[in-house]
Amino acid sequence: MGITAGSYTLGPESGRLLVHTTRAGFGAKAGHDLTIAVTRWRGDATIDPADPAGSSVTVEADTGSFEVQKGTGGVKPLTAADREEIEKIIREKILHSGRHPVITFRSSRVGGTAESFQVEGDLTMVGATLPVAIQGTLAGGRANGSAVIVQSRWGIRPYSAFFGALKVGDEVEIRFDLGLVPKQ
């Protein structure tokens, strides 16, 4: 099934929005590379496969909805208590959900082709708005892609423990896999 021109609704009902972190520092072997799902988010896309420049996308994500799905590496498996603690740290110390409950992305330019596109736009989180580039593909009624975010550009100090010996890498990857649901 090809993608037809039109407006589409995006959200967790039709796809996944994931954050992937890596570990760094002297104690990196003790930590975990994490896959974190954003469970409450919504978006709208206008897609014109014949003229990608006429396309646009907006997405809003609830900063209190980040859930640790998987942790790889480390000297011991990730426990339920570890997941809860990581989620609390994300809400309270990384994203400051109380002051900044929403992360937003608004496209400013779409280029490429339907099969391989690039979306440029503004990402607002923790009170700062900066440009981001997203790479993606459309195929079989689905949009897939990713962007790399450098936390420190938004004023976020990547999490560290054990006096800095174990750190989360400054770069995190955002990935999406979405079924495109036409607006009704």
Side-chain angles (χ1 to χ4, degrees), residues 2-12 14-24 33-63 65-67 69-70 90 94-97 100-159 167-183:
I3 303 296
T4 59
S7 295
Y8 295 86
T9 300
L10 311 174
S14 63
R16 296 175 359 138
L17 184 57
L18 302 173
V19 178
H20 295 274
T21 69
T22 58
R23 56 212 145 114
D33 294 332
L34 300 174
T35 300
I36 303 164
V38 182
T39 62
R40 291 186 305 272
W41 62 280
R42 61 171 297 295
D44 295 297
T46 300
I47 299 174
D48 185 348
D51 179 22
S55 301
S56 65
V57 64
T58 60
V59 175
E60 293 183 349
D62 179 338
T63 59
S65 74
F66 285 54
E67 292 182 4
Q69 301 292 302
K70 180 170 72 169
I90 291 169
I94 305 297
L95 297 177
H96 305 282
S97 297
H100 306 288
V102 178
I103 295 171
T104 61
F105 174 80
R106 298 196 192 304
S107 66
S108 57
R109 183 184 165 286
V110 178
T113 65
E115 293 78 27
S116 179
F117 63 85
Q118 180 175 354
V119 178
E120 296 173 3
D122 293 323
L123 179 68
T124 301
M125 64 180 176
V126 297
T129 302
L130 293 164
V132 170
I134 299 168
Q135 302 294 324
T137 60
L138 289 175
R142 298 194 72 77
N144 294 283
S146 66
V148 173
I149 306 299
V150 179
Q151 299 178 78
S152 59
R153 288 186 58 217
W154 277 264
I156 297 171
R157 193 171 88 196
Y159 178 75
K167 304 175 189 178
V168 171
D170 198 10
E171 290 187 354
V172 298
E173 184 180 30
I174 312 301
R175 293 184 195 162
F176 58 90
D177 175 17
L178 313 169
L180 297 173
V181 178
K183 277 192 175 178

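Note that the structure is predicted; figures quoted are calculated from it, not measured.
Across all their heavy atoms, V110 and S55 have their closest contact at CG2-O, 3.4 Å. Here the closest non-hydrogen pair linking G169 and Q151 is O-NE2, 3.0 Å. When all heavy atoms of P52 and G112 are compared, the closest pair comes out as CG-O, 3.1 Å. What you find for P182 and Y8 is that their closest heavy atoms are N-CD2, 3.6 Å. Nearest approach of V126 to H96, heavy atoms of both residues: CG1-CD2, 4.4 Å. In plain terms, the two heavy atoms of R142 and G15 that are nearest each other are NH2-CA, 4.5 Å.
With hydrogens and angles ignored, the 3.5 Å screen pairs a side-chain donor or acceptor of T63 with a backbone N or O of P101. With hydrogens and angles disregarded, a donor-acceptor distance shorter than 3.5 Å links the side chain of W154 to the backbone of L123. In this structure a side-chain-to-backbone donor-acceptor pair under 3.5 Å is missing from S116 to T113. The backbone N or O of V172 lies less than 3.5 Å from no partner atom in the side chain of T21, so there is not a single donor-acceptor pair.
With sequence neighbours left out, the side chain to side chain donor-acceptor pair (under 3.5 Å) criterion links N144 to no other residue.
Under the side chain to side chain contact (heavy atoms under 4.5 Å, CB included) test applied with V57, the options I134, I47, V119 reduce to a single match, V119. Exactly one residue among L34, L95, T39 makes a side chain to side chain contact (heavy atoms under 4.5 Å, CB included) with F66. That residue is L95.
Note that CD1 of I103 and CG of D62 are 9.0 Å apart. Values are rounded to the nearest 0.5 Å. The CG atom of L180 sits 11.5 Å away from atom OG of S7, with the distance rounded to the nearest 0.5 Å. Taking OG of S56 as the reference point, atom CG of D44 lies at 8.5 Å (rounded to 0.5 Å). Summarising the geometry, atom CG belonging to D33 is positioned 10.5 Å from atom NE2 belonging to H20; distances are rounded to the nearest 0.5 Å. For the atom pair D48 CG and T4 OG1, the distance stands at 10.5 Å (nearest 0.5 Å). In this structure, D177 CG and T137 OG1 are separated by 9.0 Å, a value rounded to the nearest 0.5 Å.
With a 4.5 Å cut-off on side-chain heavy atoms, L10 and W41 count as touching. Looking at heavy atoms from C-beta onward, K167 lies out of side-chain contact with P158 at the 4.5 angstrom threshold.
With no hydrogens or angles considered, no side-chain donor-acceptor pair links D122 and T129 at under 3.5 Å.
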Q. Would T104 and T58 count as a side-chain contact (heavy atoms from CB on, under 4.5 Å) if you check the C-alpha gap in whole Å, the side-chain angles of each, and the deciding distance to 0.1 Å?
A. CA-CA 7 Å; T104 61; T58 60; over 6 Å; no
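Residue R153 places its CZ atom among more than 12 non-hydrogen atoms of other residues, nucleotides or ligands, all under 6.0 Å distant. Few gaps surround CZ on R40; more than 12 heavy atoms of other groups in view lie less than 6.0 Å from it.
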